[in-house]
Trainee: 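My structure is below; once you've seen it, I'll send some questions.
Here is the naming used below: chain letters follow the sequence lines, and residue numbers restart at 1 for every chain.
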Protein chains: 2
Amino acid sequence: MFTLAEENYLKAIFHLENDYGTGVSTNAIADKMDTRASSATDMIQKLADKKVISYQKYKGASLTKKGKSIAVNIIRKHRLWEVFLVEKLDFQWDEVHEIAEQLEHIKSDELIQRLDLFLGHPDFDPHGDPIPDKNGYIKPTEKKLLSKLKKNQQGICVGVKESSAKFLQYLDTRKIGIGSSIKVIEKEDFDQSMTIQVSNKQFFITKQISENLYLKTI
Amino acid sequence: MFTLAEENYLKAIFHLENDYGTGVSTNAIADKMDTRASSATDMIQKLADKKVISYQKYKGASLTKKGKSIAVNIIRKHRLWEVFLVEKLDFQWDEVHEIAEQLEHIKSDELIQRLDLFLGHPDFDPHGDPIPDKNGYIKPTEKKLLSKLKKNQQGICVGVKESSAKFLQYLDTRKIGIGSSIKVIEKEDFDQSMTIQVSNKQFFITKQISENLYLKTI
DNA sequence: CTTAAAATTTAGACAAGCCTAAAAAATAAA
DNA sequence: TTTATTTTTTAGGCTTGTCTAAATTTTAAG
Ligand SMILES: [Mn+2]
Ligand SMILES: [Mn+2]
Ligand SMILES: [Mn+2]
Ligand SMILES: [Mn+2]
């Protein structure tokens with residue numbers, strides 16, 4: 001069995017490997033966990049002892065098969081709970097992450113199996129992130145960052161990269177959400193800022209925004 | 001903010017005061033928490049420092065107003081989650097306690113408020129225990145242990161005292177549950193064993209059973 | 001290739017919660 | 001009321017997860 005801290009480190013390492021490739025540095029982990037490098041080292045050594053990561057001093061860490069399976073299961077729980085909170089309890093999409101951070105650590109396979117059924121086996125969480133199935137399989141989805149689109153290209157918003165409350169609220173005030181149709185009207189070469197069209201309104205957005213919106217191009 | 005361990009101690013002290021009156025002994029707490037008296041003393045001193053119990057060396061502990069309010073809130077969460085698990089996820093009443101022991105520590109007032117609404121503001125949990133309202137008020141209910149009834153008296157089962165899976169399964173196999181009509185057919189003076197009638201069937205039960213079933217007499 | 005900077009690990013400490021063993025206080029027995 | 005027993009507290013230690021400061025290794029610069 002794994003402690004809450006161990007579970008959180010495994011999840012962090014999973015996300016880091018996903019985003020920046022295999023072999024995660026101590027500093028990257030410490031950063032994501034909002035702790036000190038020395039604390040990260042301690043935990044990395046413990047996780048290596050438990051065979052859930054492979055690790056050599058000074059060379060970074062990678063999840064083993066077992067470690068990945070644990071991490072994915074926590075992510076599955078996190079996302080299912082987020083669906084529950086939004087679909088059943090009427091929370092907004094910017095309000096659920098912190099609560100799901102707690103709920104993801106509840107230990108009961110039966111509970112998750114039944115929750116999944118109750119929710120109708122959802123494929124995506126409220127932020128457009130895929131929900132791993134009970135075997136840990138994550139269906140690969142073809143989605144593209146808005147920042148990669150050129151002038152006049154368009155797509156449907158299928159997810160967000162950042163999912164901080166601040167960013168989600170920014171999107172809310174501009175009526176951008178999962179399912180919104182977005183078209184690039186103008187793109188500034190110098191700073192990658194864009195003018196986009198959502199429904200019948202046009203907005204000016206910075207690179208920081210376009211780099212955090214996933215689209216399915218059409 | 002209170003740690004998981006602190007919350008569990010507060011809940012234990014609340015239940016002990018409820019069952020055996022104010023001023024709870026160190027041993028009673030250690031016993032309920034399945035720990036050693038020395039550990040209980042450590043925690044008692046910490047809780048006293050935090051002003052959630054009043055305590056004098058060698059004299060036992062009692063919840064302060066603040067401590068009681070925290071304990072009752074945890075119990076409210078526990079019971080609401082049990083309702084959720086049974087009503088929404090189709091768990092059996094003997095399967096929910098352990099999971100609720102985890103869920104009761106999730107910290108979000110908004111979550112509990114919405115869960116309560118989602119469940120339709122239930123008054124009782126699956127074991128017939130009252131659910132405190134958001135102000136911590138527990139509606140007093142008139143219920144009587146089956147063991148207190150005399151021959152030919154009857155009532156409706158409104159709750160169980162014990163709620164271990166073993167006991168609940170015992171009741172299940174005899175089709176006894178919340179709402180069952182129970183009549184005392186025969187009562188043995190010597191050992192308090194009884195013959196009772198449930199629906200059209202008669203059972204022989206020991207004192208241990210009758211002391212753990214709450215009835216509303218009619 | 002040697003030095004400077006950055007990244008990582010180690011050493012030593014601390015709080016929370018638990019433990020065992022021993023001391024102290026309260027209670028029961030004689 | 002003295003002695004024995006039970007209850008409770010204290011003392012000292014251990015594990016988990018964290019920290020700061022110092023040492024070590026790796027990487028980048030000159
Ligand atoms: Mn989330
Ligand atoms: Mn999400
Ligand atoms: Mn329960
Ligand atoms: Mn219950």
Trainee: Report yes if a donor N or O on one partner sits less than 3.5 Å from an acceptor N or O on the other, where the partners are the side chain of A:S38 and the base of D:dT18; otherwise report no.
Mentor: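 Under the 3.5 Å cut-off, the side chain and the base do not form any donor-acceptor pair.
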
Trainee: What is the nucleic acid contact for B:T35, judged by heavy atoms within less than 4.0 Å: base, sugar-phosphate only, or nothing?
Mentor: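 It contacts sugar-phosphate atoms only.
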
Trainee: Does a donor on one side chain and an acceptor on the other come within less than 3.5 Å for A:S164 and A:E162?
Mentor: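 A donor-acceptor contact under 3.5 Å links the two side chains.
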
Trainee: Please report, rounded to the nearest Å, how far the C1' atom of D:dT15 is from the CG atom of A:L4.
Mentor: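 Rounding to the nearest Å, CG of A:L4 and C1' of D:dT15 are 16 Å apart.
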
Trainee: Find the distance A:I29:CD1 to C:dT8:P and express it as a whole number of Å.
Mentor: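 Value for this atom pair: 9 Å.
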
Trainee: Would you please confirm or rule out a distance under 4.0 Å between OP1 or OP2 of D:dT16 and any side-chain N or O of A:T3?
Mentor: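 So the side-chain polar atoms of A:T3 never come under 4.0 Å of the phosphate oxygens OP1 or OP2 of D:dT16.
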
Trainee: Tell me: CG of B:D49 to C1' of C:dA15, nearest whole Å?
Mentor: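 About 14 Å, once rounded to whole Å.
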
Trainee: Has the side chain of B:K50 got a donor or acceptor atom that lies under 3.5 Å from a matching backbone atom of B:G67?
Mentor: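 Checking the backbone N and O of B:G67 against the side chain of B:K50, no donor-acceptor pair under 3.5 Å is found.
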
Trainee: If you compare every side-chain N and O of A:R36 against the phosphate oxygens of D:dT18 (OP1, OP2), does one of them come in below 4.0 Å?
Mentor: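 For D:dT18, OP1/OP2 do not have a side-chain N/O of A:R36 under 4.0 Å.
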
Trainee: So, is B:K57 close to the C:dA26 phosphate, meaning a side-chain N or O under 4.0 Å from OP1 or OP2?
Mentor: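 No, B:K57 has no side-chain N/O under 4.0 Å of OP1/OP2 on C:dA26.
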
Trainee: Toward the 5' end of DNA chain D, which comes first, A:M33 or A:K59, by nearest nucleotide?
Mentor: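 With A:M33 and A:K59 compared, the 5'-side residue is A:M33.
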
Trainee: Please work out if B:A37 contacts a base, only the sugar-phosphate, or nothing of the nucleic acid, heavy-atom cut-off 4.0 Å.
Mentor: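 Touches a base.
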
Trainee: What I want to find out is whether A:E104 reaches A:K11 closely enough, with some N-O distance under 4.0 Å, to be called a salt bridge.
Mentor: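 Judged by the 4.0 Å cut-off on N to carboxylate O distance, A:E104 and A:K11 do form a salt bridge.
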
Trainee: Whole angstroms only, please: what is the CG-P distance between A:L47 and D:dT16?
Mentor: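 Whole-Å distance recorded here is 12 Å.
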
Trainee: Figure out the CG/C1' separation between A:N27 and C:dA7, and round it to whole Å.
Mentor: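 Roughly 6 Å, once rounded to whole Å.
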
Trainee: For B:D31 and D:dT7, give me the distance from atom CG to atom P, rounded to whole Å.
Mentor: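 After rounding, the gap between these two atoms is 10 Å.
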
Trainee: So, is A:Q45 near the phosphate of C:dT10, with a side-chain N or O under 4.0 Å from OP1 or OP2?
Mentor: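 Checking C:dT10 against A:Q45, a side-chain N or O does come within under 4.0 Å of OP1 or OP2.
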
Trainee: Set out, in order, the CA-CA distance, both residues' side-chain angles and the distance that settles salt bridge (Lys or Arg N to Asp or Glu O under 4.0 Å) for B:D116 and B:R76, then state yes or no.
Mentor: CA-CA 10 Å; B:D116 185 34; B:R76 170 172 158 81; 3.5 Å; yes

Trainee: Quick one: closest heavy-atom pair of A:T26 and A:A37, and the distance?
Mentor: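 Of all heavy-atom pairs spanning A:T26 and A:A37, the closest is CG2-O, 3.6 Å.
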
Trainee: To the nearest Å, how far apart are B:F2 CZ and C:dA16 P?
Mentor: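 Value for this atom pair: 13 Å.
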
Trainee: Would you indicate, yes or no, if D:dT18 has its OP1 or OP2 atom less than 4.0 angstrom from a side-chain nitrogen or oxygen of A:Y9?
Mentor: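 Checking A:Y9 against D:dT18: at least one side-chain N or O falls below 4.0 Å of OP1 or OP2.
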
Trainee: On DNA chain D, compare the nucleotides closest to B:D42 and A:A5; which residue's is nearer the 5' end?
Mentor: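 Upstream on the strand: B:D42.
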
Trainee: Does any donor-acceptor pair link the side chain of A:T41 with the base of C:dT10 at a separation under 3.5 Å?
Mentor: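 Check fails, no donor-acceptor contact within cut-off.
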
Trainee: Give the rounded distance in Å between these two atoms: CD of B:E6 and P of C:dC18.
Mentor: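 B:E6 atom CD is separated from C:dC18 atom P by 10 Å.
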
Trainee: Can you confirm whether A:E110 is buried at CD, in the sense that more than 12 heavy atoms of other residues, nucleotides or ligands lie under 6.0 Å from that atom?
Mentor: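 Yes, the 6.0 Å shell around CD holds more than 12 heavy atoms from other groups.
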
Trainee: Within the 4.0 Å heavy-atom criterion, would you say A:S25 contacts the bases, only the backbone, or no part of the nucleic acid?
Mentor: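 Counting heavy atoms under 4.0 Å across all strands, the contact made by A:S25 is with sugar-phosphate only.
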
Trainee: Mind checking B:T26 for me? I need base, sugar-phosphate or nothing, with any heavy atom below 4.0 Å counting as a touch.
Mentor: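 It contacts sugar-phosphate atoms only.
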
